[in-house]
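Heads up: the structure comes next, in structure tokens.
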There are 2 protein chains.
Amino acid sequence: MTTTGPRPPTPTLEQVAALAGVSRATVSRVINDSPRVSPEARDAVHAAVEALRYVPNRMARSLVTRRTDTIALVLSESNTQIFADPFFARIVRGLSARLADTEQNLVLLAARGRREQEKVARYVRQGHVDGVILISLHRDDLLPDLLARSPVPLVLSGRPFDGRPVPYVDADNVGGARAATSHLLRLGRSRIGTVSGPLDMVVGLDRLTGYRAALAAAGAPASPELVAEGDFTEAGGSRAMTRLLGDVPDLDAVFVASDPMAVGALRVLRAAGRRVPEDVAVVGFDDAEVAATCDPPLTTVAQPLDEMTGGLVDLLLEQIGSGGSAAAGSRVCGTALVRRASA
Amino acid sequence: MTTTGPRPPTPTLEQVAALAGVSRATVSRVINDSPRVSPEARDAVHAAVEALRYVPNRMARSLVTRRTDTIALVLSESNTQIFADPFFARIVRGLSARLADTEQNLVLLAARGRREQEKVARYVRQGHVDGVILISLHRDDLLPDLLARSPVPLVLSGRPFDGRPVPYVDADNVGGARAATSHLLRLGRSRIGTVSGPLDMVVGLDRLTGYRAALAAAGAPASPELVAEGDFTEAGGSRAMTRLLGDVPDLDAVFVASDPMAVGALRVLRAAGRRVPEDVAVVGFDDAEVAATCDPPLTTVAQPLDEMTGGLVDLLLEQIGSGGSAAAGSRVCGTALVRRASA
DNA sequence: GTGAAAGCGCTAACAG
DNA sequence: CTGTTAGCGCTTTCAC
């Protein structure tokens with residue numbers, strides 16, 4: 001057991017200044033590369049920083065600047081296992097990429113259950129982060145209220161349930177679902193079921209609404225047995241599809257409300273000897289893995305995930321930048337891109 | 001657009017003190033519930049805190065205490081899609097649960113690619129967190145070095161590739177794999193293949209080693225074609241199993257090195273009309289979902305995930321508590337629990 | 001039990 | 001361009 005002595009004292013600005021033969025202020029200017037520094041001073045400071053392996057103390061800096069250069073992605077897991085969703089990984093990647101050339105760091109905060117949600121809210125209120133992106137909202141989620149109580153800028157992924165004035169980014173889920181369903185109708189299908197998303201999430205409800213709207217417009221309103229609620233997971237998609245097949249013998253097509261669920265649903269359909277993919281339409285983020293499971297590809301209404309993550313970051317940085325003044329009004333940044341992969 | 005004025009000033013200790021009619025020091029004592037405070041003072045302070053909705057400024061506090069009450073779980077995603085792994089979600093849950101009754105908060109830091117890894121390392125060095133748990137290590141991962149360069153306590157999930165003196169928690173992967181493979185041998189199987197984990201991860205290598213050891217002990221060393229490398233994902237498991245089935249016509253059993261891969265492998269085996277689950281043994285965290293895919297259940301060597309997450313936290317808190325003195329020596333906390341779900 | 005005072009390490013006017 | 005001077009909000013001796 002190697003016993004290191006008490007941790008070696010971290011060098012401070014003061015010491016760098018001493019070594020470089022300048023004042024603390026000058027070192028600070030160099031660190032924050034202010035233009036008003038002579039090349040000589042700059043070099044001397046850089047050398048000293050190098051020699052001392054100096055790293056600025058964020059707490060001290062944040063105390064005065066009131067910025068932490070950190071934004072949090074808060075995952076409110078109520079029921080659904082969000083980590084499992086491939087679209088979640090893509091969101092994280094998108095946000096990281098968008099932030100790569102920024103000073104901002106991204107941290108993920110997982111809040112499962114009331115206690116953790118409160119812990120996360122406290123974390124945010126205490127000033128650990130400059131802003132929050134909240135995703136995967138369920139109807140009874142406490143976090144929006146808990147977070148709204150703090151002065152930290154907040155952005156939602158997905159329209160809030162109530163019409164509260166919070167900036168958010170959403171896709172045209174109603175339109176997307178309608179387009180996907182209409183496509184099946186146009187193909188001559190008449191008994192079209194749906195594997196819906198969770199109905200305690202706006203995105204789930206919206207996609208169901210779009211599906212219903214398409215059927216209604218075609219004069220063939222959806223009956224309840226045509227709707228099987230899924231949970232956005234592959235396993236959930238399988239279960240819902242199985243249910244649908246059992247309850248509706250004459251089912252001749254299905255609209256699936258997300259990519260992972262489509263994978264599960266397709267498996268069930270194939271096992272049942274159904275025509276695939278002609279009978280299936282999907283709305284989602286057009287996951288490559290999903291596309292690969294099927295040849296020819298499914299008919300997919302793809303949503304621009306990158307635009308959405310980009311929008312979330314933009315909206316948030318805008319609020320942070322404005323120091324919390326202005327920008328507090330609600331904003332919409334919905335988009336939808338319809339693409340037919342086949343048929 | 002509602003234009004809120006410049007953000008309302010956050011109340012400070014000073015103001016709470018004024019309202020409560022005591023000094024800053026007393027308020028501080030109450031906040032950190034020090035015993036040396038009179039009940040009256042305590043009540044007065046609590047009332048003032050309530051009235052002002054006072055929340056301590058973490059940066060100011062951390063500046064003096066040198067603690068942030070935050071520990072980071074760093075996800076170094078090189079190749080594998082770690083988010084997709086169900087065991088990842090369980091790790092996060094385990095850590096959160098372990099930390100629930102603690103002052104410590106948990107943040108996840110995703111580092112994909114060199115730039116992000118460096119950004120994460122910088123984040124850590126700057127003092128945003130009190131300690132780091134690093135998981136999902138690949139052989140060429142830069143993070144261990146980058147992080148070791150900072151004075152922040154570090155704990156690894158899984159033995160490091162080189163024997164560097166870093167505290168870590170590991171399971172007995174060699175033993176587990178050997179047990180699973182031996183079980184198949186005992187059943188009279190002779191052409192036993194393996195769907196291995198990624199061979200650039202210690203856990204993947206260890207499980208392969210255990211498999212080989214069991215075969216060697218039985219006098220039937222593994223030939224190369226019996227090993228199909230997977231990536232711990234379901235899809236990877238399917239691919240590897242398909243490869244195996246194609247290359248080894250007389251294969252009569254298989255040891256699968258993780259739960260998700262087992263799901264994929266089983267699917268392929270079933271489709272090929274193989275006996276299932278008699279021909280399969282798995283080592284992993286005994287995921288309930290996996291267990292559910294098979295009836296009767298697979299033979300599984302289950303590892304105690306909760307013990308491992310608990311160990312990670314304990315090791316880390318110990319180092320943090322000791323202020324970085326002592327505790328720097330390497331420590332092992334490996335465990336393994338063998339259980340036969342059937343047969 | 002409580003207050004006064006001295007910083008933690010850094011940035012940000014403000015003079016020079 | 002650079003140094004001096006104040007703090008940021010909180011904890012923590014050290015007297016009382």
Side-chain angles (χ1 to χ4, degrees), chain A residues 6-46 48-49 52-69 103 122 125-128 130 151 323, chain B residues 6-46 48-49 52-70 103 125-128 130 151 323:
Chain A
R7 199 176 298 170
T10 308
T12 73
L13 249 200
E14 185 80 55
Q15 305 176 40
V16 175
L19 182 58
V22 297
S23 73
R24 284 205 325 256
T26 299
V27 178
S28 179
R29 291 192 187 96
V30 173
I31 300 289
N32 302 291
D33 41 40
S34 141
R36 307 155 160 284
V37 181
S38 71
E40 304 83 63
R42 184 180 310 283
D43 290 347
V45 170
H46 278 144
V49 164
L52 264 32
R53 297 174 140 288
Y54 170 74
V55 177
N57 179 321
R58 286 306 313 214
M59 299 310 143
R61 182 204 288 249
S62 292
L63 182 55
V64 39
T65 61
R66 308 196 152 287
R67 307 198 315 99
T68 60
D69 287 346
E103 290 285 73
R122 204 178 319 142
R125 261 198 314 250
Q126 286 178 151
H128 282 278
D130 292 341
Chain B
R7 201 176 298 172
T10 308
T12 75
L13 249 201
E14 184 80 56
Q15 304 176 38
V16 175
L19 182 56
V22 297
S23 74
R24 282 201 332 251
T26 297
V27 178
S28 178
R29 292 194 186 96
V30 174
I31 301 290
N32 301 291
D33 41 40
S34 142
R36 307 155 162 283
V37 181
S38 71
E40 305 83 62
R42 185 181 309 285
D43 290 346
V45 169
H46 278 143
V49 164
L52 262 34
R53 298 175 140 285
Y54 170 74
V55 177
N57 179 321
R58 285 306 312 212
M59 299 310 143
R61 181 203 289 247
S62 292
L63 182 55
V64 40
T65 61
R66 306 195 155 289
R67 307 198 317 101
T68 61
D69 287 344
T70 303
E103 290 286 71
R125 261 196 316 249
Q126 286 177 152
H128 282 277
D130 292 340

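Sequence lines set the chain letters: A, B, ... in the order given, protein chains first and strands last, and positions in each chain run from 1.
R61(B) has no side-chain polar atom (N or O) that falls below the 4.0 Å cut-off from OP1 or OP2 of dG9(D). Residue S28(B) has a polar side-chain atom (N or O) positioned under 4.0 Å from OP1 or OP2 of dT11(D). For T12(B), no side-chain nitrogen or oxygen approaches OP1 or OP2 of dG9(D) to under 4.0 Å. Distances shorter than 4.0 Å separate none of the side-chain N or O atoms of T65(A) from OP1 or OP2 on dA12(C). Using a 4.0 Å cut-off, no side-chain N or O of N57(B) falls inside it from OP1 or OP2 of dC8(D).
Nucleotide dT11(C) holds its P atom 14 Å from the CE atom of M59(B), rounded to whole Å. Rounded to whole Å, atom C1' of dG7(C) lies 9 Å from atom CG of L63(B). Between the CG atom of L13(B) and the C1' atom of dA4(C) there is a distance of 15 Å, given to the nearest Å. Taking atom CD of residue E40(A) and atom C1' of nucleotide dC1(D), one finds them 10 Å apart after rounding to whole Å. The interatomic distance linking D69(B) (CG) with dC10(D) (C1') rounds to 14 Å, in whole Å.
No hydrogens or angles were tested; on distance alone, a donor-acceptor pair under 3.5 Å links the side chain of R24(A) to the base of dT11(C). At a cut-off of 3.5 angstrom, counting only N and O atoms as typed in the model, there is no donor on one side facing an acceptor on the other between the side-chain of R66(B) and the base of dG9(C). Not a single donor-acceptor pair, N or O on each side, falls under 3.5 Å between the base of dG9(D) and the side chain of R58(B).
Between L19(A) and L52(A), some side-chain heavy-atom pair lies under the 4.5 Å cut-off. With contacts defined as side-chain heavy-atom distances shorter than 4.5 Å, the pair R29(B)/V22(B) does not qualify.
Which of dC8(C), dG3(D), dT11(C) sits closest to the side chain of A25(A) comes down to dG3(D). Checking dG3(D), dC8(C), dG7(D) against the side-chain heavy atoms of R29(A) singles out dG3(D) as nearest.
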Item checked: side-chain contact (heavy atoms from CB on, under 4.5 Å) between L13(A) and R61(A), worked out -> CA-CA 11 Å; L13(A) 249 200; R61(A) 182 204 288 249; over 6 Å; no
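T26(B) comes within 4.0 angstrom of the backbone, heavy atoms only, and of no base. When heavy atoms are screened at a 4.0 angstrom cut-off, R36(B) is found touching base atoms of the nucleic acid.
Side-chain N or O atoms of S28(A) include none that pairs as donor or acceptor with a backbone N or O of R24(A) at under 3.5 Å.
In this structure, the separation between CD on Q126(B) and OG1 on T68(B) is 12.5 Å, given to the nearest 0.5 Å.
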